[in-house]
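A short worksheet on the structure shown next.
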Amino acid sequence: MKHIALAAVAATTFLISCNRVDYYQADSYVGRYDDLTKITLVRNDGDAVCIDVKSDFDAQGCYGPGDEKYSDLCRKHGDVGYNRKIAYLSGRDVVYNASDLLSVKVYSDRDFDAEHPAGSSLADIVRFLSCSPKEYIASGYKSLYRYDPELVSPGFRSTWGYYYGRPDKEKSEYYPIDKMLCDIVPEDLMLLGPDVAYNPQRSHMKFFSLFFEKMPVVKDSHVITVEVTTDDGRVLSGSIVMDFAE
């Protein structure tokens, strides 16, 4: 009987310890900013005519609460009135690029068609796909997005729809960005990409996708290059061989 009583006490103590949760006050929705170092292009697993552009970050160049650069970036994005209590063990750490983009260019090393010779912009035949919490933040953290597959393009449904199809995304802080690349403006390129789990060594996080609305005349291998300009004056680029005959 003594052993049973001791076991019960131990179990009770353990439960009490596990139920104790510490919180911190989050003044901003974005919990950390990281320096973008390069972009990597990969073929989308679910669609043969889509390129996923992924971002690599410098693990040493990260900024969080208490850093002056973090405070500047929060003010830049209007992210200063979140005022929520967050559990330390909740796993929440919304992380974004410390520099937004000003422009995105895409071109091929070969003639795409008569209107798009080698090296010319493909912006009018490529659809830009991503998401951002910018509108949620601008609403004072009140307006959540409800995904409706009928209100987005077929390209978005086939490449990003899985993200919004998750049970935890019935209401989301992340609004789709679903436009032809030629219609994209700098305001569309702020806080790009979905939320990610905390990982100090994170790399190759999905940044945005480029969906080809038109196929080349010669369906063969093309070297597609994507070039992004950041708002701190850098130009980053990446290339990928795309076989449109597949």
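By the neighbour-count criterion of 12 heavy atoms within 6.0 Å, atom CD of Q25 is densely surrounded, having more than that number from other residues, nucleotides or ligands. Counting non-hydrogen atoms of other residues, nucleotides and ligands closer than 6.0 Å to NZ of K179 gives a total above 12. By the 6.0 Å contact criterion, CG on N83 is enclosed, its count of non-hydrogen atoms from other residues, nucleotides or ligands being greater than 12.
Put simply, the residue from Y29, Y33, Y82 that forms a ring-ring contact (aromatic ring centres under 6.0 Å, His included) with H77 is Y33. The residue from V106, L210, V53, D188 that alone fulfils the side chain to side chain contact (heavy atoms under 4.5 Å, CB included) condition with F128 is L210.
Between D67 and K69, none of the side-chain N atoms (NZ, or NE/NH1/NH2) sits under 4.0 Å from a carboxylate O, so this pair counts as no salt bridge. At a threshold of 4.0 Å, the pair D100-K134 does not count as salt-bridged, since none of the basic side-chain nitrogens sits closer than that to a carboxylate oxygen.
Contact record, R43 with D243: NH2-O, 3.2 Å, taken as the closest heavy-atom pair. Considering all non-hydrogen atoms of both residues, I224 and L41 come closest at O-CD2, 3.9 Å. Contact detail for S221 and V241: the closest heavy-atom pair is CB-CG1, 4.1 Å. The two atoms that bring V226 and V104 nearest to each other are CG1-CG1, 4.1 Å, heavy atoms only. Between F211 and C50, the shortest heavy-atom distance links the atoms CD1-CB, 3.9 Å. Across all non-hydrogen atoms, the minimal contact from G64 to Y70 is O-CB, 3.2 Å.
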Which donor-acceptor pairs under 3.5 Å do side chains of residues 137-145 form with protein atoms, sequence neighbours excluded?
unit_1 : atom_1 : unit_2 : atom_2 : d
S139   : OG     : Y136   : O      : 2.7
S139   : OG     : K142   : N      : 3.1
S139   : OG     : S143   : N      : 2.9
Y141   : OH     : D79    : OD1    : 2.6
Y141   : OH     : V80    : N      : 3.2
Y141   : OH     : G81    : N      : 3.3
S143   : OG     : Y175   : OH     : 2.5

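Under the 4.5 Å side-chain criterion, counting only non-hydrogen atoms from C-beta, R127 is in contact with D178. Residues D56 and T40 form a side-chain contact, since some pair of their non-hydrogen atoms from C-beta on lies under 4.5 Å apart.
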**Q.** Intermediate values then yes/no, side chain to side chain contact (heavy atoms under 4.5 Å, CB included), V95 and D34
**A.** CA-CA 7 Å; V95 183; D34 288 351; 3.6 Å; yes

**Q.** Check against side chain to side chain contact (heavy atoms under 4.5 Å, CB included), L73 and Y96
**A.** CA-CA 10 Å; L73 288 167; Y96 275 96; over 6 Å; no

Q | Evaluation steps, side chain to side chain contact (heavy atoms under 4.5 Å, CB included), between D220 and R110 | A | CA-CA 10 Å; D220 206 341; R110 302 179 59 180; 3.5 Å; yes

Q) Hey, mind stepping through Y63 and D72 against side chain to side chain contact (heavy atoms under 4.5 Å, CB included) and telling me if it holds? A) CA-CA 10 Å; Y63 313 96; D72 289 343; over 6 Å; no

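Separation of atoms CE (M190) and OG (S132) is listed at 8.0 Å; rounding is to 0.5 Å. From K214, atom NZ reaches atom CG of L122 across 10.5 Å, with rounding to the nearest 0.5 Å. Separating the OH atom in Y107 from the CZ atom in F112 is a distance of 15.0 Å, to the nearest 0.5 Å. Atom SG of residue C131 and atom CZ of residue F208 lie 13.0 Å apart, to the nearest 0.5 angstrom. Going from atom CG of L236 over to atom OG of S99 covers 7.5 Å, rounded to the nearest 0.5 Å. Once rounded to the nearest 0.5 Å, the distance linking NZ of K206 with CG of L192 reads 12.5 Å.
There is a side-chain donor-acceptor pair under 3.5 Å between D52 and S209.
Under the 4.5 Å side-chain heavy-atom criterion for ILVMFWY residues, a single connected hydrophobic cluster contains both L129 and Y163.
Under the 30°/60° scheme for interplanar angles, the aromatic rings of F156 and Y147 are found to be tilted.
A search for side chain to side chain contact (heavy atoms under 4.5 Å, CB included) contacts involving S239 returns V223, T225, not counting sequence neighbours. Applying the salt bridge (charged side-chain N to carboxylate O under 4.0 Å, His left out) test to E227 and every residue at least two apart in sequence or in another chain returns nothing.
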